[in-house]
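A quick write-up on the structure given underneath.
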Amino acid sequence: VQLQASGGGLVQAGGSLRLSCAVSGNFFAINVLGWYRQAPGKRRELVATITRAGGANYAASNKDRFTISRDNAKNTVYLQMNSLKPEDTGVYYCSAGWPTEYWGQGTLVTVSS
């Protein structure tokens, strides 16, 4: 299984970004896909997860602003991020498995104030 994340960039506070993660390999064998964030100087933290059936869970700080989704036909998981804040800045990693077995390479999100 390989994961390729994309969609990061520079955005002003209050803006939106949509991250994508293309999954190659045995996609249907993977129940849980997720997104993590690692801010500068901090540990990697969970942002959201989604099951094969579409059940989603979010970190409390993101719940009302972020939406995770997956397109099983395209082997892709998405993270729609709205009302972005400077504290959302970091490298975003997609993940597969629970506990995580596979990681994507990360995509940088920078939110300016």
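Keep in mind that what you see is a predicted model, and the values were worked out from it rather than measured.
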TODO: Determine whether Tyr78 and Val91 fall in the same hydrophobic cluster, where Ile, Leu, Val, Met, Phe, Trp and Tyr are linked whenever their side-chain heavy atoms lie under 4.5 Å apart.
DONE: no
Open item on the list: Taking side chain to side chain donor-acceptor pair (under 3.5 Å) as the cut-off, I'd like each qualifying pair that reaches into residues 104-113, sequence neighbours left out, listed once.
Closed with: none
Check residues 56-63 and write down every donor-acceptor pair under 3.5 Å in which the side-chain atom is one partner and the other belongs to a residue at least two apart or another chain.
unit_1 : atom_1 : unit_2 : atom_2 : d
Tyr58  : OH     : Ile68  : N      : 3.0
Asn62  : ND2    : Val47  : O      : 3.4

Task: Least distance between heavy atoms, Tyr36 atom then Ser95 atom - done: CE1-OG, 3.3 Å
Open item on the list: According to salt bridge (Lys or Arg N to Asp or Glu O under 4.0 Å), does anything in residues 22-47 pair up with another residue at least two apart or in another chain? List the pairs.
Closed with: Arg37-Glu45, Arg37-Asp88
Open item on the list: Starting from Leu84, can I reach Leu46 by hopping between I/L/V/M/F/W/Y residues whose side chains sit under 4.5 Å apart?
Closed with: no
- [ ] Return each pair, listed once, that meets disulfide (SG to SG under 2.5 Å) where at least one residue sits in residues 37-79; pairs must be two or more places apart or across chains.
- [x] none
Task: side chain to side chain donor-acceptor pair (under 3.5 Å) contacts in which one or both residues fall within residues 67-76, not counting sequence neighbours - done: Arg70-Asn72
Task: pair Thr89-Val109: side-chain heavy atoms closer than 4.5 Å - done: no
Return a table of donor-acceptor pairs under 3.5 angstrom between the side chains of residues 5-33 and protein atoms on other chains or two or more places apart.
unit_1 : atom_1 : unit_2 : atom_2 : d
Ser16  : OG     : Asn82  : OD1    : 3.0
Ser24  : OG     : Gln2   : O      : 3.4
Asn31  : OD1    : Arg52  : N      : 3.1

Task: Phe66 and Trp35, any side-chain heavy atoms less than 4.5 Å apart - done: no
